Amino acid sequence: MTQKHPLRLFNSLGREVQDFQPIDPRNVRVYSCGPTVYNYAHIGNLRAYVFADTLRRVLTFKGYNVTHVINITDVGHLTSDADEGEDKMEVAASREKKSIWDIAAHYTAVFKDDVRRLNILEPSHWTPATAHIQEMIAFARDLDQGGYLYELEDGAYFDTARVPDYGKLGLLDLEGQEAGARVAGPGDKRNPADFAVWRKSPENSRRQMEWHSPWGVGAPGWHLECSVMSMKYLGERFDIHTGGIDHRQVHHCNEIAQNQGYTRSEKTGANWWMHNEFLIMRDGKMSKSSGKFLTLGSLIDQGIHPAVYRLFLLGASYRSSLEFTWDALVGVRASLRRMLLRVEDLKARAGDTSQWIKLATEDHYSSGGSLSYLVERLTDGLTGKPADYIDKLDAAVSNDLGTPVALAHLNELLFAKKTDPADVLRAAAVYDLVLGLNLLTMSPRDLVIRPAGQTIDEAEIEARLAERTEARKAKDFARSDAIRDELEAMGVGIMDTPQGTLFEWLPLAATDIKPE
RNA sequence: GGCCCGGUGGCAGAGUGGUUAUGCAGGGGACUGCAAAUCCCCGUACAUCGGUUCGAUUCCGGUCCGGGCCUCCA
C-alpha cells in the first residue's frame, strides 16, 4: 500500500479535509448517487461519475480494494410538490410515447455507454431502484414500527424531529427555512423538512410504476432507495458516499435521517460524505428538468472526443465549480493532442514496449480491485526522474484528489529532457491508471472525429489535396496555400509529411455550443 | 427571506503569509516554400475598501459581483 503520502479527503460532514481511515483496511466501501434515467445524462451530471471514478481509482492506487456501488434511479419521482406534481418518468413516457419501463431501460443503456466512453470503470454493482422495492418496503415498515413515520393524505412522511442533529451535513438552518417563503409541500407536515418515504398514487390516476404497500398503492420516496441499497450492499456502516453538491442539503440529510432511524442510532451510514461541485455555463448550472443541456453525444457531434471532456474535468478540483466553454474544451483538445503526439514519439524511441504496455489497460479487469500489482510491475526498477514523478503523483492525488496538480506533473514528465523514453512511458502508464486518460493506448488519430454537421466528403478532400500537391510541384504556392485555407475554413486541417499530405477533421469552430 | 460557496494573468485553472503551478491562446527565434509538428526564449495575475503583520493574493471584517441549496436535480 502506498502510504508515503497519507490519503486525505474532504468530508462534507464537518467540512474539513481529514486523513482517510477505512473501516476495513482490506476493502473500502463506496456508494455513489447515480442518475435518474428519464432523460439523457448531461455533461454536468457526468462530472459526478468522473469524480467518483477518480476517487475509486485513487483508492485502488493507494492499495485498497474497493466495493463500489452506483444506483440507477429508475423510479419516477415528482417534478414538483405533492399531488400537484407530475412524475418525471411518466412525463418522459408520454412525451416519447413509450412505456415507462422502456424509458428507463433506454436511458440506462445510454448512460452506461457514456460511462464507457469516458473510461469510467464499471462499479462493482449497478443497483436499479426498481429491483429493490420490497427491500424498501421492509425498511420503511421498520421505520414505521420505530415511530419515525406518520401518514398524511398523500403518503407516509418521515418525522425529522425524531433523529439527532437533523441537517447537520447540510448545515441547515431549520429556523430560517421555516421562515422562508419557498418551503412548499403539504401544509400539514409536522416539520418543514419532513419528507415522503412513500407516496400514494393519486386517487383518480394510475401510474405505470406503482406497488402495493402498507401506506397504499404508490411509489417509494426518492431518498429511500439510497439508504436501502447502500445498506444492503455495503452494510450499516460504510466508508464513503458520493454525490453532487446539490444533494448535500436535502437528499443526503434525509438519507442520514433514515439511516439513523433504521439503526436506532446516531450513525450516519457513511463516514465520509463527498460532493462534487457543478459544471456551470454562463447562465448557471445545467438543468435536466429545464431541458437545456448538453450531452456527451452532442460534444462528439461537434468533433470532441470523450477523452477531451474527461481531461477537461480533471483539470479542475472536483470541489470547484467549473465553467464550461467551447474555447476551454478546444484548448484541452489541443493539449491532449500534444500529449498523444508526445507519447507516440516516446514509443518510437522506447524500443520494445510490448511486454508491459498492456498493463496500462488491465485496470479494466477488476470490479474494484487494488491496482498495487499493476503499479508495482510498471514501476519495478524505475529510478531517477520518472520515479520522482510517481511520488509526485501520489502526493498530488493523496491531497484530496488533486488531479489538476497531477496533470501539471504529467505534462512535465512527458516532456522531460534527457530521460529514458521507456521510463517516461512506464511512469506515464501509472498516471493513466490513476487518471484514466488512456494516453498509452490512444493514438493522436483517435482524437479526430468527423463532426456530425460536416458536409464535405472525403473524396472531395482527396481531390483537393491532389490538386494542391500538383500546385506545390509546380511551385504555385499561392494556389496551394489557397487550397489549404479553403479546406481549413471547411473544418479540415492538413499537414505535409514525408509520407505525403494528411488531413484531419477539426472540431466545429462554432463560436459556442448552444444548449439544445 | 434564510443558509452555503466562490471571485487568480487573454482563457481555463492550481497554489501560497515573503521565492508566485500547469495547459490553451499570444509574442520572438530555430526548422519549414508557407503551414503543421518539434525545439529554445518571453507573461510578477491574484474583485474592491479597510484591518492584523516587518511583509497579504494568501488571515479578519465591510462592499460589489457570481454560483448553489431551501422543490425533482450531479
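Quantities reported herein were computed from a predicted structural model and do not represent experimental measurements. Proteins come first, then strands; the chains are lettered A, B, ... in the order of their sequence lines, and each starts at number 1.
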Next on the checklist: For B:C70 and A:Arg248 - does any side-chain N or O of the residue sit under 4.0 Å from the phosphate oxygens OP1/OP2?
Outcome noted: no
Next on the checklist: Going by purine N1 to pyrimidine N3 plus the second Watson-Crick contact, or the G-U wobble pair, all under 3.5 Å, which nucleotide sits opposite B:U19?
Outcome noted: none
Next on the checklist: Between B:G50 and B:G23, how far apart are the two P atoms, rounded to whole Å?
Outcome noted: 37 Å
Next on the checklist: Heavy-atom nearest nucleotide on RNA chain B for A:Asp246 versus A:Met495: which residue maps closer to 5'?
Outcome noted: A:Met495
Next on the checklist: Could you tell me how far apart A:Phe324 (CZ) and B:G66 (C1') are, to the nearest whole angstrom?
Outcome noted: 19 Å
Next on the checklist: What is the separation between atom NE2 on A:His275 and atom P on B:A74, rounded to the nearest whole Å?
Outcome noted: 13 Å
Next on the checklist: Within the structure provided, determine whether A:Leu7 and A:Phe61 are in side-chain contact (heavy-atom separation under 4.5 Å).
Outcome noted: no
Checklist entry - Base, sugar-phosphate, or nothing: which does A:Arg472 touch, judged by heavy atoms less than 4.0 Å apart? => result base
Checklist entry - Mind checking the P distance from B:C46 to B:U8? Whole angstroms is fine. => result 10 Å
Item to check | Watson-Crick or G-U counterpart of B:G6, or none if no pair lies under 3.5 Å | outcome: B:C65
Checklist entry - On a whole-Å scale, what distance lies between the C1' atoms belonging to B:A25 and B:C42? => result 14 Å
Next on the checklist: Please classify the nucleic acid contact of A:Phe51 as base, sugar-phosphate, or nothing, using heavy-atom distances under 4.0 Å.
Outcome noted: nothing
Checklist entry - Can we say A:Asp388 and A:Lys385 salt-bridge, meaning some charged N sits less than 4.0 Å from an Asp/Glu carboxylate O? => result no
Checklist entry - Can you check the A:His247 NE2 to B:A74 P distance for me, whole Å? => result 5 Å
Checklist entry - With a 3.5 Å cut-off and just heavy-atom distances, do the side chain of A:Arg484 and the base of B:C34 make a donor-acceptor pair? => result yes
Checklist entry - Can you tell me how far P in B:G18 sits from the matching atom in B:A56, rounded to whole Å? => result 11 Å
Checklist entry - Which part of the nucleic acid, if any, lies within contact of A:Arg319, taking any heavy atom under 4.0 Å across all strands shown: a base, the sugar-phosphate backbone alone, or nothing? => result nothing
Checklist entry - How do A:Phe278 and A:Arg342 order along RNA chain B: which one's closest nucleotide is nearer the 5' end? => result A:Arg342
Checklist entry - For atom NZ of A:Lys168, is the number of surrounding heavy atoms from other residues, nucleotides or ligands below 6.0 Å larger than 12? => result no
Checklist entry - What does A:Gly44 touch in the nucleic acid at a heavy-atom separation under 4.0 angstrom: a base, only the sugar-phosphate, or nothing? => result base
Checklist entry - Do A:Glu122 and A:Arg116 sit within salt-bridge range, that is, some charged N less than 4.0 Å from a carboxylate O? => result yes
Item to check | C1' gap between B:A45 and B:A30, integer Å | outcome: 30 Å
Checklist outcome for this item: Paired to B:U38 by Watson-Crick or G-U wobble criteria (both distances under 3.5 Å) is B:A30
Checklist entry - Base, sugar-phosphate, or nothing: which does A:Arg468 touch, judged by heavy atoms less than 4.0 Å apart? => result base
Checklist entry - Considering the options A:Phe278, A:Phe51, A:Phe10, which one meets the ring pair (Phe, Tyr, Trp, His ring centres under 6.0 Å) requirement together with A:Tyr318? => result A:Phe51
Next on the checklist: Under 4.0 Å from OP1 or OP2 of B:G15: is there any side-chain N or O of A:Ser317 that close?
Outcome noted: no
Checklist entry - When all nucleic acid strands are considered with a 4.0 Å heavy-atom cut-off, which category describes A:Ser480: base, sugar-phosphate, or nothing? => result base
Item to check | Whole-angstrom distance between B:C39 and B:C54, as gauged at atom P | outcome: 48 Å
Checklist entry - Expressed as a whole number of Å, how far does the P atom of B:C41 sit from that of B:C4? => result 48 Å
Next on the checklist: What contact category does A:Ser320 fall into here, base, sugar-phosphate, or nothing, at under 4.0 angstrom with non-hydrogen atoms?
Outcome noted: sugar-phosphate
Next on the checklist: Taking side chain to side chain contact (heavy atoms under 4.5 Å, CB included) as the definition, give me every residue that meets it alongside A:Arg338, ordered by chain and number, with sequence neighbours left out.
Outcome noted: A:Asn411, A:Phe415
Next on the checklist: Please give the distance between the P atoms of B:G7 and B:U48 as a whole number of Å.
Outcome noted: 13 Å
Checklist outcome for this item: Rounded to whole Å, the CD-P distance (A:Gln249 to B:C3) equals 13 Å
Between the protein and nucleotides 21-29 of chain B, which nitrogen or oxygen pairs are less than 3.5 angstrom apart?
| from | atom 1 | to | atom 2 | distance (Å) |
| --- | --- | --- | --- | --- |
| B:G23 | O2' | A:Ser335 | OG | 2.9 |

Item to check | Interatomic distance where CD1 belongs to A:Ile494 and P belongs to B:A35 [whole Å] | outcome: 14 Å
Next on the checklist: Partner lookup for B:U53, please. Criteria are Watson-Crick or G-U wobble with both distances under 3.5 angstrom; report none if nothing qualifies.
Outcome noted: none
Checklist entry - Contact class for A:Lys417 vs. all strands (heavy atom < 4.0 Å): base, sugar-phosphate, or nothing? => result sugar-phosphate
Item to check | Over 12 non-hydrogen atoms of neighbours within 6.0 angstrom of CD in A:Glu467 | outcome: yes
Checklist outcome for this item: Sorted by chain and number, sequence neighbours left out, ring-ring contact (aromatic ring centres under 6.0 Å, His included) with A:Phe503 holds for A:Trp505
Item to check | Residue pair A:Ile70 / A:Val115, side-chain heavy-atom distance below 4.5 Å | outcome: no
Checklist entry - B:A74 C1' sits how many Å from A:Met281 CE, rounded? => result 15 Å
Checklist entry - For A:Asp345, which contact category applies under a 4.0 Å heavy-atom criterion: base, sugar-phosphate, or nothing? => result nothing
Checklist entry - Whole-Å distance between B:G67 C1' and A:Asn276 CG? => result 15 Å
Checklist entry - Of all the choices, B:G33, B:G13, B:A74, which nucleotide is nearest to the side chain of A:Asp496 once you look at every atom? => result B:G33
Next on the checklist: Measuring from atom CG of A:Leu439 to atom CG of A:Asp432, what distance do you get when rounded to the nearest 0.5 angstrom?
Outcome noted: 4.5 Å
Item to check | Base-pairing mate for B:A45 - Watson-Crick or G-U, with both contacts under 3.5 Å | outcome: none
Checklist entry - Base, sugar-phosphate alone, or nothing: which one does A:Leu322 contact when heavy atoms must sit under 4.0 Å apart? => result sugar-phosphate
Checklist outcome for this item: Rounded to whole Å, the CD1-C1' distance (A:Ile245 to B:G6) equals 12 Å
